[in-house]
Amino acid sequence: MTYDIGVLQSFMLFYGMSDEEIKAALLVLYAEEKNYKKNDLILVAGNVTDRLGLVIAGSVRIESNDMWGNRTILGNVGAGQLFAETYALLEDEPLLVDVSANENCRILFFKVGSLKKLKSNKDSWCLKLVSNLLMISAHKNLHLSGRSFHTSPKTIRGRVMAYLNSVSLRNGSKEFDIPFDRQQLADYLNLDRSALSKELGKMQKEGIICNHKNHFVIQG
């Protein structure tokens with residue numbers, strides 16, 4: 001399969017890599033592209049995987065679904081971002097989460113465990129890829145710690161404001177779109193959807209926010 005190297009170069013995983021380095025990485029890591037439709041399951045909790053996924057287009061959800069039917073959304077992974085890299089490196093560790101398509105999407109999978117089997121890691125692409133993976137991991141740790149701030153407030157309003165504040169800071173603007181619909185936002189914040197909708201309505205009436213679907217404006 002022929003890949004758009006120009007697109008791949010714009011992603012953090014391939015930062016600073018030449019066309020030839022990217023082609024070498026795709027070959028050694030057994031790159032394989034797959035397409036998914038909205039809500040398709042990509043990876044299932046309890047299974048193991050030896051591949052990480054790079055979202056080329058669209059987005060995926062990382063969620064925890066327990067045997068009693070409770071769902072907690074842990075994050076949204078958009079174009080250029082990775083998922084399952086920790087499990088792919090550990091290989092025998094069962095997934096604790098499900099990964100599903102948030103919308104129609106294209107995913108490029110890599111057997112990143114192949115890095116551990118290389119006799120030499122002196123190839124320029126290998127060193128750059130490992131460095132980029134380290135930076136991506138650091139950013140993900142920040143994101144996960146951020147979610148703990150979003151869900152730690154005891155009140156519904158406190159959780160909503162903590163989340164919207166962080167999105168505003170990340171975007172550098174008081175007006176932004178969030179990657180969740182109403183039900184997904186409720187799941188992400190560990191809230192009941194109707195209670196969340198009621199609180200958003202109150203906040204809008206009080207002039208704290210202006211909200212339409214997934215578009216928000218923080219006022220004041």
Side-chain angles (χ1 to χ4, degrees), residues 1-36 41-64 73-102 105-149 166 170-171 179 188:
M1 181 179 288
T2 302
Y3 299 103
D4 190 331
I5 301 299
V7 171
L8 295 180
Q9 282 178 324
S10 68
F11 297 153
M12 183 63 198
L13 182 63
F14 298 108
Y15 175 77
M17 295 172 64
S18 67
D19 291 13
E20 293 307 313
E21 288 173 329
I22 293 176
K23 290 176 183 177
L26 294 175
L27 180 64
V28 173
L29 301 180
Y30 304 97
E32 179 185 16
E33 184 174 312
K34 290 189 176 183
N35 296 320
Y36 295 90
L41 268 175
I42 300 170
L43 295 174
V44 181
N47 291 346
V48 297
T49 183
D50 62 353
R51 303 181 303 169
L52 67 78
L54 170 64
V55 181
I56 302 298
S59 61
V60 305
R61 292 191 307 273
I62 311 298
E63 55 189 39
S64 172
I73 292 182
L74 302 175
N76 185 81
V77 181
Q81 297 179 314
L82 304 179
F83 61 88
E85 65 274 16
T86 300
Y87 293 102
L89 284 167
L90 296 176
E91 295 186 21
D92 296 326
E93 190 70 26
L95 289 151
L96 298 179
V97 295
D98 292 320
V99 181
S100 55
N102 199 46
C105 58
R106 291 166 49 213
I107 310 295
L108 188 58
F109 290 99
F110 302 94
K111 290 189 176 181
V112 73
S114 301
L115 290 171
K116 298 185 293 185
K117 301 173 184 177
L118 294 177
K119 294 181 179 179
S120 171
N121 64 355
K122 294 182 180 179
D123 292 326
S124 59
W125 72 263
C126 184
L127 295 173
K128 290 177 182 178
L129 191 78
V130 170
S131 177
N132 292 340
L133 277 171
L134 182 61
M135 289 300 297
I136 291 169
S137 178
H139 281 293
K140 282 203 167 185
N141 284 336
L142 281 177
H143 172 76
L144 289 173
S145 63
R147 185 176 183 276
S148 67
F149 289 125
S166 68
R170 191 162 57 246
N171 284 275
Y188 177 77

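If you read the sequence from its start, that first residue is 1, and numbering goes on from there.
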Interatomic spacing from [atom1] in [X] to [atom2] in [Y] - rounded to 0.5 Å:
X	Y	atom1	atom2	result
D98	L74	CG	CG	10.0 Å
L43	S100	CG	OG	10.0 Å
Y36	R106	OH	CZ	13.0 Å
L41	N47	CG	CG	10.0 Å
D92	D50	CG	CG	10.0 Å
F110	L13	CZ	CG	6.0 Å

Specify the closest pair of heavy atoms between [X] and [Y], including all atoms of both residues, with the distance to one decimal.
X	Y	result
A45	L96	CB-C, 4.0 Å
A79	I56	CB-O, 3.8 Å
V55	G78	CB-O, 3.4 Å
S59	C105	N-CB, 3.9 Å
L52	E85	CB-CA, 3.7 Å
A25	W125	CB-CE3, 3.5 Å

Inset, instruction - Report yes if some heavy atom in the side chain of F14 is under 4.5 Å from a heavy atom in the side chain of L129; otherwise report no. - result: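 Yes, at least one pair of side-chain atoms sits under 4.5 Å.
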Legend entry - Check against side-chain contact (heavy atoms from CB on, under 4.5 Å), L82 and F11: CA-CA 10 Å; L82 304 179; F11 297 153; over 6 Å; no
Side-chain donor/acceptor of [X] to backbone N/O of [Y], under 3.5 Å:
X	Y	result
K128	G16	yes
K23	I5	no
R147	Y188	yes

Legend entry - Within 6.0 Å of OH in Y3, more than 12 heavy atoms from elsewhere: yes
Legend entry - Q9 side chain to D19 side chain, donor-acceptor N/O pair below 3.5 angstrom: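 Indeed, the side chains of Q9 and D19 share at least one donor-acceptor pair under 3.5 Å.
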Inset, instruction - Show your reasoning for whether side-chain contact (heavy atoms from CB on, under 4.5 Å) applies to H139 and M12. - result: CA-CA 11 Å; H139 281 293; M12 183 63 198; 5.8 Å; no
Inset, instruction - Starting from the C-alpha separation in whole Å, work towards a yes-or-no answer on side-chain contact (heavy atoms from CB on, under 4.5 Å) for L89 and V112. - result: CA-CA 6 Å; L89 284 167; V112 73; 3.9 Å; yes
